[in-house]
Amino acid sequence: MSKVLVTGGTGYIGSHTVVELINEGFEVVIVDNLSNSNVEVLNGIEKITGVRPVFENIDCVDYVAMDNMMDKYGEIDAIIHFAASKAVGESVEKPLLYYRNNLVSLINLLQLMPVHKIKNFVFSSSCTVYGQPDILPVTENAPIKPALSPYGNTKQIGEEIIRDTIYANPTNYQSIILRYFNPIGAHASAEIGELPNGVPNNLLPFVTQTAIGIRKQLQVFGNDYDTPDGSCIRDYIHVVDLAKAHVVAVKRMLTGKSKDSLEIFNLGTGRGLSVLEIIKTFEEVNQVKVPYKIVSRREGDIEKVWADPTFANEVLGWKAVETVEETLRSAWAWELNLAKLRN
Ligand code: UFG
């Protein structure tokens with residue numbers, strides 16, 4: 001059985017990926033410092049899969065603790081590195097926290113890989129590296145635009161660190177960088193999902209929390225963009241589709257199918273939806289109202305971006321299959337289940 005180290009494995013995308021890894025017969029070791037997640041996520045994973053993954057409460061910034069952890073678990077076949085800070089606004093206020101958390105942890109892992117004979121590395125990157133692309137849909141060959149926040153910059157620099165490290169030593173390392181578009185939704189069981197701390201920054205948790213009455217009103221940031229209804233457009237992808245791509249990526253490296261020691265794939269659906277379309281569809285499929293008002297634009301927002309997923313579809317052999325209706329249903333089912341868990 002191959003063993004995968006998943007950093008950030010109790011987080012939103014991490015926990016869904018752990019479920020898919022276990023379903024595919026992988027042994028999983030989770031490392032997470034619980035800075036933006038809850039240890040009870042392990043109960044949800046266990047309920048879904050029947051397996052409670054090994055969990056270590058460690059900060060990836062701590063080199064010695066990571067080194068000891070790797071000694072303890074012996075042979076690790078691949079690392080999937082999710083652990084990172086990801087709030088754009090907070091990163092503007094606390095840039096050093098972001099550079100430290102996101103880059104030191106990455107450097108630690110890359111340094112520890114040859115020490116522990118770990119060859120395969122999957123990295124969570126973001127469509128943020130494209131900024132506002134000149135051509136849509138955006139392919140992996142689109143130019144990297146200057147980052148609009150320290151958070152975005154950590155993803156760009158992170159990609160560069162990986163590239164330089166791999167190309168300096170392609171026999172010891174191989175990596176797949178996955179550039180996510182906007183993950184939303186939750187596992188079909190509603191046992192795990194997105195659980196933001198405090199007031200959500202992202203659209204979908206704000207929508208579900210407004211629909212259930214935790215928030216009074218959703219603010220739609222701008223309706224004067226150059227889009228059909230004036231609100232911003234994104235490529236919203238079901239988190240389970242996204243999670244499955246990680247399993248495909250790990251298998252690709254383990255079976256020697258990578259065409260290069262470094263490969264980069266867009267993970268999106270290829271379909272762009274506006275904020276107002278998301279709200280309307282959410283209301284329709286769930287038969288629930290989402291009170292909202294249009295307010296001014298949010299600083300730093302991209303007007304429109306959606307993926308060209310052809311390269312991932314054809315070369316990685318992965319495709320997003322969930323409909324947006326099903327995805328929005330799953331987000332609501334999770335919010336309803338959370339309400340039960342809270343009571
Ligand atoms: N939005 C609202 N109201 C809200 C929240 C969001 O109208 O309360 C809108 C935003 O303006 C945007 C869309 O919903 O048009 C999506 O916003 P999110 O915050 O959910 O997602 P972003 O596309 O802004 O952010 C994503 C990732 C970040 C990453 C960023 C880079 O979540 O991690 O892309 O562009 F940094």
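Counting convention: from 1, in listed order, for ligands and their atoms alike. Remember, predicted model here, so these are calculated numbers, not experimental data.
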Query raised in the report: For ligand 1, which part of L203 has a heavy atom less than 4.0 Å away: the side chain, the backbone, both, or neither?
Result: both
Report task. Compute whether any side-chain donor of one residue and acceptor of the other, for N153 and Y99, lie under 3.5 angstrom apart. Result -> yes
Query - For atom 19 (O) of ligand 1, closest protein heavy-atom neighbour - result: R298 NH2, 2.9 Å
Report task. Provide, to 0.1 Å, the distance between atom 15 (O) of ligand 1 and the closest protein heavy atom, together with that atom's residue and name. Result -> C232 CB, 3.0 Å
Query raised in the report: Counting each atom of ligand 1 from 1 as listed, which ones have a heavy atom of V88 under 4.0 Å away?
Result: 36 (F)
Report task. Report the part of N182 (side chain from C-beta onward, or backbone N, CA, C, O) that has a heavy atom under 4.0 Å from ligand 1; answer both or neither where that applies. Result -> side chain
Query raised in the report: Could K251 and D77 be called an ion pair, given the rule that one side-chain N must be under 4.0 Å from one carboxylate O?
Result: no
Report summary line: For atom 28 (C) of ligand 1, the closest protein heavy atom turns out to be Y151 CE2, 4.2 Å
Query - Test item: D235 side-chain N/O and T269 main-chain N/O as donor-acceptor pair under 3.5 Å - result: yes
**Report entry** Sub-4.0 Å heavy-atom approach of Y130 to ligand 1
**Finding:** no
Report task. Give a yes or no on whether the ring-centroid distance for F265 and F311 is below 6.0 angstrom. Result -> yes
Requested in this report: Pick whichever of L218, L276, T154, N202 has a heavy atom sitting closest to atom 25 (O) of ligand 1.
Outcome: N202
Requested in this report: Give a yes or no on whether the ring-centroid distance for H246 and Y180 is below 6.0 angstrom.
Outcome: yes
Query - Any N or O of V275 closer than 3.5 Å to N or O of ligand 1 - result: no
Query - Within one Ile-Leu-Val-Met-Phe-Trp-Tyr cluster: L34 and I45, side-chain cutoff 4.5 Å - result: yes
**Report entry** Residue pair Y130 / N266, side-chain donor-acceptor N/O under 3.5 Å
**Finding:** yes
**Report entry** Pair N101-S85, side-chain hydrogen bond (donor to acceptor under 3.5 Å, both in side chains): steps then yes or no
**Finding:** CA-CA 7 Å; N101 280 352; S85 302; 3.0 Å; yes
**Report entry** Which segment of Y236 sits under 4.0 Å of ligand 1 when only heavy atoms are counted
**Finding:** side chain
Query raised in the report: Can you tell which of R298, R297, K304 makes a salt bridge (charged side-chain N to carboxylate O under 4.0 Å, His left out) with D301?
Result: R298
Query - atom 5 (C) of ligand 1 [closest protein heavy-atom partner, distance rounded to 0.1 Å] - result: N201 O, 3.5 Å
Query raised in the report: Are there protein heavy-atom neighbours of atom 3 (N) of ligand 1 below 4.0 Å?
Result: yes
Query raised in the report: What's the shortest distance from atom 1 (N) of ligand 1 to any protein heavy atom, and which residue and atom give it?
Result: F221 CD1, 3.6 Å
Query - Distance from atom 11 (O) of ligand 1 to nearest protein heavy atom, with residue and atom - result: D301 OD2, 2.5 Å
Query raised in the report: Can you tell me if E90 and Y98 form a side-chain donor-acceptor pair at under 3.5 Å?
Result: yes
Requested in this report: Could you see which bit of Q219 sits under 4.0 Å from ligand 1, with heavy atoms only: side chain, backbone, both or neither?
Outcome: backbone
Query - Nearest protein heavy atom with distance in Å, relative to atom 23 (O) of ligand 1 - result: R234 NE, 2.6 Å
Query raised in the report: Taking only heavy atoms of V220, which atoms of ligand 1 are found under 4.0 Å from at least one of them?
Result: 7 (O)
Requested in this report: Report the nearest protein non-hydrogen atom to atom 35 (O) of ligand 1: residue, atom name, distance rounded to 0.1 Å.
Outcome: T128 OG1, 3.8 Å
**Report entry** side-chain hydrogen bond (donor to acceptor under 3.5 Å, both in side chains) evaluation trace for S125 with E159
**Finding:** CA-CA 8 Å; S125 190; E159 288 197 4; 2.6 Å; yes
